[in-house]
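The analysis underlying the following values was restricted to heavy atoms, covering all of them including side chains, and did not include hydrogens, waters or symmetry mates.
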Amino acid sequence: MYPSDLTDDEWRLVEPLIPPGKTGGGKRTVIMREVVNGLMYILSTGCQWRAIPKDLPPKSSVHDYFDLWTYDGTLERIHDALYQQCREQAQRKASPTAAIIDSQSVKSAEKGGRFIDPHGYDAGKKIKGKKRHILVDTVGFLLHAVVHPADIQDRDGGALVMTTLFGMFPFLKKLFVDSGYKGPKFANALAKLRPHIEIEIVKRSDQVSSFVVLPKRWIVERTIAWLNRCRRLAKDWECLNRKALAFLRLASIRFMLRKLCNPA
């Protein structure tokens with residue numbers, strides 16, 4: 001086994017959520033557990049698709065299933081099912097009432113072409129690449145995420161995150177944000193989308209010059225650190241934003257599996 005492979009307990013959680021093969025024609029011959037292990041290997045090590053070890057399924061099979069599960073919503077269904085179990089394990093209700101939002105700017109790898117989603121330049125962080133905008137609950141589990149160019153301001157990207165929730169988490173009442181979301185633009189957008197949500201801006205004190213842990217904001221920063229343990233997320237390697245989002249969701253799935261099967 002590779003360190004990234006699913007354990008027996010983790011596979012028992014994932015196996016029922018993978019759709020069966022299509023009826024008729026040739027039968028599915030690839031072992032689905034090994035396909036998932038191949039995805040976890042790429043996620044954990046950050047290697048190229050063609051560098052998958054020979055004892056795992058071929059690159060074409062692993063990549064095709066990754067594409068398929070991204071399109072048909074399988075990754076989302078797995079993520080949602082594991083999230084419900086994690087909330088239950090933490091003795092919390094299924095739908096959170098408070099959430100924290102933040103973004104992470106990531107450098108883009110050397111790539112270009114007509115069919116590649118454009119990147120941007122974050123002048124504040126001095127990073128040319130993409131920005132991962134994530135929404136987490138007060139435990140630190142990922143609720144929703146969006147990947148967009150780094151030159152989009154946090155207040156605009158935050159509105160995009162809340163717009164694409166599409167009715168999920170209806171009991172959400174409070175949203176903790178930093179000063180980047182301050183101003184009428186984000187507040188007005190949120191008032192149109194979720195008028196019952198209260199915004200609380202957690203500011204850093206001007207009198208403190210050294211590092212200090214800020215209430216609630218440390219939770220989303222910790223989640224970003226958890227996800228960044230996966231080397232595939234070290235840079236923006238993906239040509240398409242939906243692929244980058246799929247790997248971000250896969251990293252969250254990996255984290256929740258570890259939490260469920262090894263709580264300590």
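For the pair Ile201 and Tyr181, the minimum side-chain heavy-atom distance is 4.5 Å or more. At a threshold of 4.5 Å between non-hydrogen side-chain atoms, the residues Arg132 and Val106 count as touching. Residues Trp69 and Asp72 have side chains in contact (heavy-atom distance under 4.5 Å, counting atoms from C-beta outward). Looking only at side-chain heavy atoms (C-beta outward), Ile134 and Ile224 come within less than 4.5 Å of each other. Lys174 is not listed as a side-chain neighbour of Ile197, based on a closest heavy-atom distance of 4.5 Å or more. In this structure, Leu172 and Ser95 have side chains that are not in contact, with every pair of non-hydrogen atoms separated by 4.5 Å or more. Residues Arg33 and Asp8 form a side-chain contact, since some pair of their non-hydrogen atoms from C-beta on lies under 4.5 Å apart. For the pair His144/Met162, no side-chain contact is recorded, criterion being any heavy-atom separation below 4.5 Å from C-beta on.
Hydrophobic clustering (side-chain heavy atoms under 4.5 Å, transitive across Ile, Leu, Val, Met, Phe, Trp, Tyr) keeps Trp237 apart from Tyr41. Note on Val139: it clusters hydrophobically with Leu227, by side-chain heavy-atom contacts below 4.5 Å among ILVMFWY residues. No continuous path of hydrophobic side-chain contacts links Ile31 to Tyr65 [ILVMFWY only; heavy atoms under 4.5 Å]. Val35 and Tyr71 are assigned to two separate hydrophobic clusters, defined by single-linkage of ILVMFWY side chains at heavy-atom distances under 4.5 Å. When the side chains of ILVMFWY residues are joined at heavy-atom separations under 4.5 Å, either directly or via intervening members, Leu160 and Phe169 end up in a single hydrophobic cluster.
Counting all heavy atoms, side chain and backbone alike, Lys185 lies closest to Asp156 at CE-OD1, 3.0 Å. Lys130 and Pro118 get closest at one heavy-atom pair: CE-O, 3.2 Å. In terms of heavy atoms, Val202 sits closest to Arg217 at O-NH1, 3.3 Å. For the pair Leu193 and Ala159, the tightest heavy-atom approach, listed with the atom from each and the gap, is CD1-O, 3.9 Å. Across all non-hydrogen atoms, the minimal contact from Gly120 to Pro149 is N-CB, 3.9 Å. Closest approach of Ser105 and Ile127 over heavy atoms only: O-CD1, 3.6 Å.
Counted within 6.0 Å of OH on Tyr2, heavy atoms from surrounding residues, nucleotides or ligands total more than 12; the atom is thus considered enclosed. Counting heavy atoms of neighbouring residues, nucleotides and ligands inside a 6.0 Å radius, atom CZ of Arg77 exceeds 12 of them. Atom NZ of Lys235 is surrounded by more than 12 heavy atoms from other residues, nucleotides or ligands within 6.0 Å. Counted within 6.0 Å of CG on Leu240, heavy atoms from surrounding residues, nucleotides or ligands total more than 12; the atom is thus considered enclosed. Within 6.0 Å of atom CD in Glu88, 12 or fewer heavy atoms from other residues, nucleotides or ligands are found, so the atom counts as exposed in its surroundings. The neighbour count for Arg28 CZ, taken as heavy atoms of other residues, nucleotides or ligands under 6.0 Å away, is above 12.
Note that CZ of Arg229 is 13.0 Å distant from CG of Leu43, once rounded to the nearest 0.5 Å. The structure places CE of Met168 at 5.0 Å from CG of Leu165, a figure rounded to the nearest 0.5 Å. Interatomic distance, Leu82 CG to Lys259 NZ, rounded to the nearest 0.5 Å: 14.0 Å. Rounded to the nearest 0.5 angstrom, Leu135 CG and Leu142 CG are separated by 8.0 Å. To the nearest 0.5 Å, the span separating CD on Glu15 from CG on Leu17 amounts to 10.0 Å. For the atom pair OG1 (Thr45) and CD (Gln48), the distance works out to 9.0 Å, reported to the nearest 0.5 Å.
Using a 30° and 60° split on the angle between ring planes, Trp49 and Phe66 fall in the tilted class, from 30° to 60°. A parallel orientation is assigned to the rings of His79 and Tyr83, their planes being inclined by less than 30° (bins at 30° and 60°).
Of the possible donor and acceptor atoms, one in the side chain of Thr164 sits under 3.5 Å from a partner among the backbone N and O of Val161. Using a distance-only test at 3.5 Å, with no hydrogens or angles considered, no donor-acceptor pair links the side chain of Ser61 to the main chain of Pro57. Without hydrogens or angle criteria, Asn37 side chain to Ser4 main chain gives no donor-acceptor distance under 3.5 Å. A donor-acceptor pair under 3.5 Å is absent between the side-chain atoms of Ser179 and the main chain of Lys182, judged by distance alone. In terms of modelled atom types and a separation under 3.5 Å, the side chain of Thr223 and the main chain of Ile219 share a donor-acceptor contact. Of the possible polar contacts, none joining the Arg231 side chain to the Ser44 backbone as a donor-acceptor pair under 3.5 Å is found.
Salt-bridge check for Asp236 with Lys111: passed, with a basic side-chain N closer than 4.0 Å to an acidic carboxylate O. Between Arg92 and Asp137 there is no salt bridge, since no side-chain nitrogen of the basic residue lies less than 4.0 Å from a carboxylate oxygen of the acidic one. Checked for salt-bridge contact, Arg232 and Glu238 meet the test: a charged N lies under 4.0 Å from a carboxylate O. Using a cut-off of 4.0 Å between Lys/Arg side-chain N and Asp/Glu carboxylate O, Arg258 and Glu10 are scored as salt-bridged.
The only option from Ile152, Asp154, Val147, Asp102 that meets the side-chain contact (heavy atoms from CB on, under 4.5 Å) definition with His133 turns out to be Asp154.
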Q: Dump the intermediate steps for side chain to side chain contact (heavy atoms under 4.5 Å, CB included) on Asp67 and His63, then the final yes or no.
A: CA-CA 6 Å; Asp67 258 352; His63 186 273; 3.4 Å; yes

Q: Could you give me the CA-CA distance, side-chain angles and deciding distance for Met256 and Ser252, then say whether side chain to side chain contact (heavy atoms under 4.5 Å, CB included) is met?
A: CA-CA 6 Å; Met256 289 190 291; Ser252 180; 3.9 Å; yes

Q: Dump the intermediate steps for side chain to side chain contact (heavy atoms under 4.5 Å, CB included) on Glu200 and Val177, then the final yes or no.
A: CA-CA 6 Å; Glu200 180 175 332; Val177 301; over 6 Å; no

Q: For Phe186 and Leu175, run side chain to side chain contact (heavy atoms under 4.5 Å, CB included): C-alpha distance rounded to whole Å, both residues' side-chain angles, the deciding distance at 0.1 Å, then the answer.
A: CA-CA 12 Å; Phe186 178 71; Leu175 186 65; 3.8 Å; yes

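Taking the centre and axis of the six-membered ring of Tyr121, the NZ or CZ atom of Lys128 falls outside the cone set by 45° and 6.0 Å.
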